[in-house]
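Okay, structure first, notes after.
Counting starts at 1 for both ligands and their atoms, following the listed order. Index from 1, following the sequence.
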Amino acid sequence: MPADAARLQPARVFEVGPRDGLQNERVLVPVEHKLELVERLVAAGLHDIEIGSFVHPKWVPQMADTEQLARRIPRRPGVRYWALVPNYKGYERAVRAGIDHIGVVLSASETHNRNNLNRSREQSLEQIARVARSAVDRGHTWRGYISTAFGCPFEGAIAPEQVIEIADRLRALDAAEISFGDTIGVATPRQVAALCRRLIERFGARRIAMHLHDTRGLGLVNAYAALECGVRIIDSSVAGLGGCPYAPGAAGNIGTEDLVNLLTGSGFDAGIEIERVVDTSRWLRDRVGVTPSSKYFRYASARCSA
Ligand code: HMG
Ligand code: MG
């Protein structure tokens, strides 16, 4: 622990690599490797891990084995395993597999919602309301994702008012937190800061997460803009893997090792051992056959071979 750890502020890193990262990989990663990936992330200190999704296996075959994975992961005190669901059917599958932390998704853009979920936003909100009611009855925790919160591959720029309107609906359903997705990585730090300020004023910082894809290289700067405004939950993906299969051109999330490096350098502590995250990215490259894109990984690898 750094000497000045007492002065560091806590931040929460929400790891989406096993879901957002692997859903977009061309290779189908065997369940044994996914299991080891999650175990490695836990060992690195990650406490919120989205292990997969319960979507239609025909649309996203990479996630077809999430049931098996969820059943096999050893539960550990203090570690929350999350899964993404697109509708009530997905929620039922998650519950049967023993998952009690649920991410539910819809888009700010109507066209992206239809492409991603084959439903209108209103229809998705009806599904989310059903999930929310059941989750509350069963004592489960759920977060809402609002995709295309800054821009849509089909509709272009998205007005903050459109995003806030949907966030209001999710809050009215008692979402524990809402993660705002820059699905295609078009946000700028000014836009992120402007939206974050309005969101914090409305909902409080505790309920807001940022989910930033790094398509144009602004992911980390955008994360910093959000931190400066008071946001303390940032989604990231080990090795910088990821993308949305229904958002053409979307690149990976900000890399977990890059985010941890940013947090440490900016006075935050998320309780994560960066070298273990780097080891996990190396293992992903050498054993699983995926290509890390995180900058810190490249730096650490170059240092090792120097
Ligand atoms: P659909 O075909 O419209 O579904 O798909 P349906 O309700 O009409 O039902 C058709 C069949 O699918 C039925 O089976 C249902 O039972 C079945 P049949 O009676 O024909 O045998 N079905 C399901 N099966 C398994 N799991 C389910 C499920 N639901 C229905 N959950 C659906 C609608 C939403 C399922 C489909 O469009 C889908 O799976 N979409 C998911 C796409 C996806 O995974 N996108 C990526 C994740 S979102 C993301 O990455 C963004 C995020 O990272 C934030 C950001 O970056 O902004 C979160
Ligand atoms: Mg995403």
Taking 4.0 angstrom as the limit and counting only heavy atoms of Pro86, give me the atoms of ligand 1 inside it, by number and element. 31 (N), 34 (C)

No-hydrogen, no-angle side-chain donor-acceptor test under 3.5 Å, Ser281 and Glu257: yes

Face-on cation placement of Arg130 at Tyr88 ring, 6.0 Å and 45° thresholds: yes

What I want to check is whether the side chains of Asp20 and His211 have a donor and an acceptor closer together than 3.5 Å. yes

Write down the atom of Asp182, the atom of Ala187, and the distance for their closest heavy-atom approach. OD2-N, 2.9 Å

Is Arg169 salt-bridged to Glu165, cutoff N-O under 4.0 Å? no

Relative to the heavy atoms of His213, which atoms of ligand 1 are at a distance of less than 4.0 Å? 56 (O)

In terms of side-chain heavy atoms, does Asp235 have a donor or acceptor partner in Ser179 at a distance below 3.5 Å? yes

Option nearest atom 26 (N) of ligand 1 (shortest heavy-atom distance, choices Gln23, Arg93, Glu50): Arg93

Salt bridge or not between Arg12 and Glu177? Use side-chain N to carboxylate O under 4.0 Å. yes

Contact partition for Val55 relative to ligand 1, non-hydrogen atoms under 4.0 Å: both

Nearest heavy atom to atom 41 (C) of ligand 1 wins, so pick from Asp235, Ile146, Asn116. Asn116

Are any of the N/O atoms in Arg19 less than 3.5 Å from those in ligand 1? yes

Could you see which bit of His211 sits under 4.0 Å from ligand 1, with heavy atoms only: side chain, backbone, both or neither? side chain

Glu92 and ligand 1 - part of the residue with a heavy-atom distance under 4.0 Å: neither

Looking at Asp20, the N/O/S atom that lies nearest to the Mg ion (ligand 2) is called OD2

Can you name the atoms of ligand 1, numbered from 1 with element, that are less than 4.0 Å from a heavy atom of Asp20? 53 (O)

Ring-face cation of Arg216 near Phe150 (centre distance under 6.0 Å, axis angle within 45°): no

Atom name of the N, O or S atom of His213 nearest to the Mg ion (ligand 2) is NE2

When you look for heavy atoms under 4.0 Å from ligand 1, do you find them on the side chain of Val60, its backbone, both, or neither? side chain

State whether Glu36 and Arg40 are salt-bridged, where the test is any N-O pair (Lys NZ or Arg NE/NH1/NH2 against Asp/Glu carboxylate O) under 4.0 Å. yes

Check each of Asn24, Leu117, Val16, Leu106 against atom 32 (C) of ligand 1 and report the one with the nearest heavy atom. Leu117

Can you tell which part of Val85 has a heavy atom less than 4.0 Å from ligand 1: side chain, backbone, both or neither? neither

If the threshold is 4.0 Å, N to carboxylate O, is there a salt bridge linking Arg282 and Glu275? no

Show me which atoms of ligand 1 lie under 4.0 Å from any heavy atom of Gly90. 31 (N)

Would you mind listing which atoms of ligand 1 come within a distance below 4.0 Å of any non-hydrogen atom of Gly181? 57 (O)

N/O of Asp182 under 3.5 Å from N/O of ligand 1, yes or no? no

Is Arg76 salt-bridged to Glu39, going by a charged N under 4.0 Å from an acidic O? yes

Could you point out which residue of Leu46, Thr256, Asp48 forms a side chain to side chain contact (heavy atoms under 4.5 Å, CB included) with Phe14? Asp48

Atoms of ligand 1, numbered as shown, that sit under 4.0 Å from any heavy atom of Arg119: 3 (O), 4 (O), 6 (P), 7 (O), 8 (O)

Minimum distance, heavy atoms only, to atom 54 (C) of ligand 1: which one of Gly242, Gly144, Ser147 is it? Ser147

Per atom 29 (N) of ligand 1, closest listed option by heavy atom (Asn87, Thr183, Thr66, Ile184): Asn87

